[in-house]
Number of protein chains: 2
Amino acid sequence: MAKGRPRAFDMDEALDQALKLFWTKGYEGTSLSDLTQAMGISPPSLYAAFGNKEGLFRRALDRYMNEMSGVCGVLNAPTARGVAEAMLYGAADIDPENPPGCMLVQAALSCSDASEAVRQELIGRRKAGEDALTERFARAVREGDLPPTANPATLSRFLTAVVQGMAVHAASGVGREVLVDIAGATLQAWSALVDTGMSAQDRAAE
Amino acid sequence: MAKGRPRAFDMDEALDQALKLFWTKGYEGTSLSDLTQAMGISPPSLYAAFGNKEGLFRRALDRYMNEMSGVCGVLNAPTARGVAEAMLYGAADIDPENPPGCMLVQAALSCSDASEAVRQELIGRRKAGEDALTERFARAVREGDLPPTANPATLSRFLTAVVQGMAVHAASGVGREVLVDIAGATLQAWSALVDTGMSAQDRAAE
DNA sequence: TTCTTTTTTTAATAATCACTATATAAACCG
DNA sequence: CGGTTTATATAGTGATTATTAAAAAAAGAA
């Protein structure tokens, strides 16, 4: 079984503490002494378990994606509109247990050159989410749930932008009511977005 | 007139360089050596002219608000829809001269405790922009430009969220076409948002 | 010129950053 | 028991952080 001295801290609990810090203060705003203090471990233990600060961040980020995000579940909603509803109200439903805002936006929207790899990782994860959403809307078109004239990429971009804007609002400390208001407004506009033949880009070009 | 040794650098040019750095890397991501190097001055000159890093940031932020932002002009559009168009296409129209994204979102969405004052300042400026927009839409209701049933606060929140989401997209490096697409989609949805009696919040409560 | 004022240059400050060398402690195996 | 392995604790590493002390330089005023 286990050889050598057993680890004295719980891996998941420690990752949760690290995640909370990165989520609140961002990657660069969180120092190693912040981390060791909150995780209740010493620097050598941290480095033995996670390699370095960036390794710890990536593990915390994985945990964020697996635990928090109902993103996977969101895409399983039966209709495109249901997907939009789930995403928007998910973004509005801030849990007092967790930091406000979205980890993918909060952690490193800007940073020094030293952390560019982390920033790129977050950009990639945001793009992956948007791409998955685009594919979900394309499926909705194929299934007849959305009209053949609907533009999956445009819908996905728009919805992602609104959710990210809600994340900025949440990070600013606005209340749940404000976020629900934005979500509701977006849903109210949803059908007008769906029922068009041209992409908004094409319309603008005329 | 001027007494003492004259300043050897141009104040506005130096501020532009500082602004570009803060805008790209954020407040904490920009180091003093980054700043002195880009501004072409030595640390004591920087401190004599601006007090400290935060003082320099605030001056650069003021310059950003005065120079870049057509925000003041945007509110002068004749109609509420015109205001929305100007904001959205303004957010889409990324200037290759300037860093992508919005300084108010980019500079310190998250940070360490040491920079909390800067973060709060940015939150306040974002809120001021949203409040001004709300007042502009309220005026549109009074003038009959928007129906009396329109909710100025909801419209303002929604529009601000979209623009902030576009800023996140821009910071991720997406091209102009993508931003224009989001702007167009939002405008397409605009009339559906305006023509409602209840706030989206009220609708959600039913 | 000399005095005063302000800026510049050079060099250094204490504090914090991420990270680690060394030694000890705690488990399993034989 | 001794030997191996892994994690811990203590203490420190060099690099970088924002900031500044001290002196020289460049202007106007007397």
Side-chain angles (χ1 to χ4, degrees), chain A residues 1-15 17-18 21-22 24-61 107-108 110-119 121, chain B residues 1-15 17-18 21-22 24-61 107-108 110-119 121:
Chain A
M1 306 273 186
K3 239 194 197 169
R5 177 170 175 172
R7 168 170 294 133
F9 62 92
D10 182 84
M11 204 72 167
D12 286 340
E13 283 179 24
L15 275 175
Q17 294 301 317
L21 281 174
F22 284 133
T24 308
K25 303 175 156 193
Y27 177 68
E28 290 192 321
T30 305
S31 73
L32 251 115
S33 59
D34 287 338
L35 290 165
T36 53
Q37 185 177 336
M39 300 164 82
I41 67 179
S42 61
S45 294
L46 189 154
Y47 279 82
F50 305 104
N52 56 17
K53 186 184 179 183
E54 185 174 332
L56 171 59
F57 176 81
R58 297 189 121 97
R59 293 286 299 273
L61 182 56
S110 65
C111 63
S112 75
D113 297 336
S115 307
E116 181 61 19
V118 167
R119 190 177 143 262
E121 170 78 30
Chain B
M1 303 278 183
K3 239 194 199 176
R5 178 169 173 170
R7 165 170 297 134
F9 63 92
D10 182 83
M11 204 72 165
D12 287 340
E13 283 178 23
L15 276 175
Q17 293 302 318
L21 280 174
F22 284 133
T24 308
K25 304 176 158 195
Y27 176 68
E28 290 193 322
T30 306
S31 73
L32 252 115
S33 59
D34 287 338
L35 290 164
T36 53
Q37 185 176 336
M39 299 165 82
I41 65 179
S42 63
S45 294
L46 190 155
Y47 279 80
F50 305 103
N52 57 15
K53 186 184 178 183
E54 185 175 332
L56 170 59
F57 176 80
R58 297 190 121 96
R59 293 285 300 273
L61 182 56
S110 65
C111 62
S112 76
D113 298 336
S115 308
E116 182 60 20
V118 166
R119 189 176 143 263
E121 169 78 30

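Proteins get letters first, then strands, A, B, ... in listed order; numbering begins at 1 in each. This one's a predicted model, so the numbers in the text were calculated from it and none came from an experiment.
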Rounded to whole Å, CD of A:Q37 lies from C1' of C:dC17 at a distance of 16 Å

Practice task
Using the six-membered ring of A:Y27, assess whether NZ or CZ of A:K53 lies under 6.0 Å from its centre and within 45 degrees of the ring axis.
Solution key: yes

Separation of C:dA18 atom C1' from A:L46 atom CG, nearest Å, is 10 Å

Rounded to whole Å, CG of A:D113 lies from P of C:dA18 at a distance of 17 Å

Regarding the side chain of B:A8, the nearest nucleotide among C:dT8, C:dC17, C:dT20 is C:dT8

Between B:E28 and B:P6, whichever has its closest DNA chain D nucleotide further toward 5' is B:E28

- Task: Kindly say if A:S33 contacts the phosphate of C:dC17, meaning a side-chain N or O under 4.0 Å from OP1 or OP2.
- Result: yes

From CZ of B:F50 across to C1' of D:dT19 the rounded distance in Å is 16 Å

Rounded to whole Å, the CZ-P distance (A:F9 to C:dA25) equals 20 Å

* Answer yes or no: does a side-chain N or O of A:Y47 lie under 4.0 Å from OP1 or OP2 of C:dT20? => no

From NZ of A:K53 across to C1' of C:dC19 the rounded distance in Å is 12 Å

Value for CG (B:L21) from CE (B:M39), rounded to nearest 0.5 Å, stands at 9.0 Å

Interatomic distance, OH@B:Y47 vs CG@B:L32, rounded to 0.5 Å, equals 4.0 Å

Picking from D:dA9, D:dA29, C:dT8, the nucleotide nearest the side-chain atoms of B:K3 would be D:dA29

Atom CG of A:L32 and atom P of C:dC19 are separated, to the nearest Å, by 6 Å

Should the heavy atoms of other residues, nucleotides or ligands under 6.0 Å from CD of A:E116 be counted, would the total exceed 12? yes

>> Strictly below 4.0 Å: does A:S45 bring a side-chain N or O up to OP1 or OP2 of D:dT8?
In response: yes

Walking DNA chain D from its 5' end, the first of B:N52 and A:I41 to be reached, judged by nearest nucleotide, is A:I41

Between OH of B:Y27 and P of D:dT17 the distance, given in whole Å, is 14 Å

Next on the checklist: Once you apply a heavy-atom cut-off of 4.0 Å, does A:T30 come out as touching a base, just sugar-phosphate, or nothing?
Outcome noted: sugar-phosphate

| request: Considering just the side-chain nitrogens and oxygens of B:S31, establish if one lies under 4.0 Å of OP1 or OP2 belonging to D:dT17. | output: yes

Considering only heavy side-chain atoms of A:R5, the closest of D:dT6, D:dT19, C:dC19 is D:dT6

For B:A49 and B:R7 the tightest heavy-atom approach is CB-NH2, 3.9 Å

